[in-house]
There are 2 protein chains.
Amino acid sequence: MKVSAKGDYACRALLDLALNYDSQTPVHITEIAERQGIPRKYLVQILILLKGAGLVKSKRGVEGGYMLSRPPVEITLGEVVRLVDGPILPLKCTMDDESATCDRKPICGFHPIWESVRDSISDIIDNLTYEDICKRTREKEQMYYI
Amino acid sequence: MKVSAKGDYACRALLDLALNYDSQTPVHITEIAERQGIPRKYLVQILILLKGAGLVKSKRGVEGGYMLSRPPVEITLGEVVRLVDGPILPLKCTMDDESATCDRKPICGFHPIWESVRDSISDIIDNLTYEDICKRTREKEQMYYI
DNA sequence: AGAATCATGACCAAGTTGGTCAACATAGTG
DNA sequence: CACTATGTTGACCAACTTGGTCATGATTCT
């Protein structure tokens, strides 16, 4: 698996929005950027990508900003990572893409190994929703401030 | 985790040598390259890297070539992948490197998540030796030829 | 109208990837 | 010794990716 800086930024930006989900008011980019330590101009691109995928929606104008378009419980970490950074474990051998299957597949001893690696990653990130992550974050914040 | 083409080549080249380990004779580059479908000139660099790490040893001259410097049971897949492609899950957040720890670590909800992903990958590849992989490969070859 | 904000596309420097090529060193053979 | 097959090394390179910046629009609210 690879999680690029961009992927990390996307995950954190979504967490920021998820923590704000209940208020039903948009958060604007500058706030997210400052709170999460993400370059503002770069964050713009990332949010546009997330919007294109239907994860967030935006509101223009003075009181504008971004908000989650689905409740946090319906967004998994795996969805976000795959959207931004592409397939988990991008090795020709393991791509399900019919065009790129490697011809050694039937005799390649590594094939089932890479698949099991990929599956064990998926198990974790596909079963983790932003609700879980919010909960963890709030717990951590509490511990930190007491 | 990321497994580049180079990493894949290294894994396969070592498998080729591991399958030949019992004969105690060196295999030369061209053979490995042809059997595994690796560009010959590129394979040279990879083998030099593996030699530098003490995984293989070489013999020059007419009957020269490469051979494993340790029995297959003492080489894990994790060792190879980390050597060629660097740390599993290279995200600042998860680097144990003391210089690069992210300052949000104590409150970052993602930190433990990435760590558990990394650990579950390590569990698989660090407990898999080239002896296991040889065995799997031989079984597959049998099935294929019958 | 004007201010605040999102939207879009062009651009860019630096690093990584996946190689190739030429020249040299060494070991075995006749 | 000379020759040849092989390993060794280092320079080089094109293409792509990463992680951004910048200028300019387009909306929306007041």
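Naming: A, B, ... by sequence-line order, numbering from 1 per chain.
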* For the pair made of NZ in A:K41 and P in D:dT24, what is the distance, rounded to whole Å? ->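 In whole Å, D:dT24 P lies 12 Å from A:K41 NZ.
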* Give the rounded distance in Å between these two atoms: NZ of B:K57 and P of D:dT8. =>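 From B:K57 NZ to D:dT8 P: 13 Å.
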Counterpart residues, side chain to side chain donor-acceptor pair (under 3.5 Å), relative to [X] (two or more places apart):
X	answer
B:S120	A:S120
A:D126	A:R82
A:R40	A:T30
A:S122	none

* Who passes side-chain contact (heavy atoms from CB on, under 4.5 Å) against A:D119, sequence neighbours left out? ->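 None.
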* To do: Name all residues meeting the side-chain contact (heavy atoms from CB on, under 4.5 Å) criterion together with B:K135; count only those two or more places apart in sequence or in a different chain, and write none if there are none.
  =>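 Once residues adjacent in sequence are excluded, the partners of B:K135 under the side-chain contact (heavy atoms from CB on, under 4.5 Å) criterion are B:E139.
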* To do: Sort and list the pairs that fulfil salt bridge (charged side-chain N to carboxylate O under 4.0 Å, His left out) and have at least one residue in residues 15-25 of chain A, not counting sequence neighbours.
  =>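 Counting only pairs at least two positions apart or across chains, the salt bridge (charged side-chain N to carboxylate O under 4.0 Å, His left out) contacts touching residues 15-25 of chain A are A:D16-A:R35.
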* Scan residues 14-22 of chain B against DNA chain C and write down, sorted by residue number, each residue with any heavy atom closer than 4.0 Å; if none is found, say none. =>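 By residue number: none to list.
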* Salt-bridge present (B:R12, B:D8; N to O < 4.0 Å) ->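 Between B:D8 and B:R12 there is a salt bridge, with a charged N closer than 4.0 Å to a carboxylate O.
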Distances for protein N/O vs nucleotides 11-17 of chain C N/O pairs under 3.5 angstrom?
residue: C:dT17; atom: OP1; partner: B:K2; partner atom: NZ; Å: 2.8

* When every nucleotide of nucleotides 4-10 of chain C is labelled 5' to 3' by its protein contacts under 4.0 Å (heavy atoms), B for base, S for sugar-phosphate only, - for none, what sequence of letters results? -> -SSSB--
* To do: Return the set of residues passing salt bridge (Lys or Arg N to Asp or Glu O under 4.0 Å) with A:R70 (not counting sequence neighbours), or none when no residue passes.
  =>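 For A:R70, the residues satisfying salt bridge (Lys or Arg N to Asp or Glu O under 4.0 Å) (neighbours in sequence not counted) are A:E79.
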For residues 42-56 of chain A, which side-chain donor-acceptor pairs fall under 3.5 Å, sequence neighbours excluded?
residue: A:K51; atom: NZ; partner: A:S58; partner atom: OG; Å: 3.0

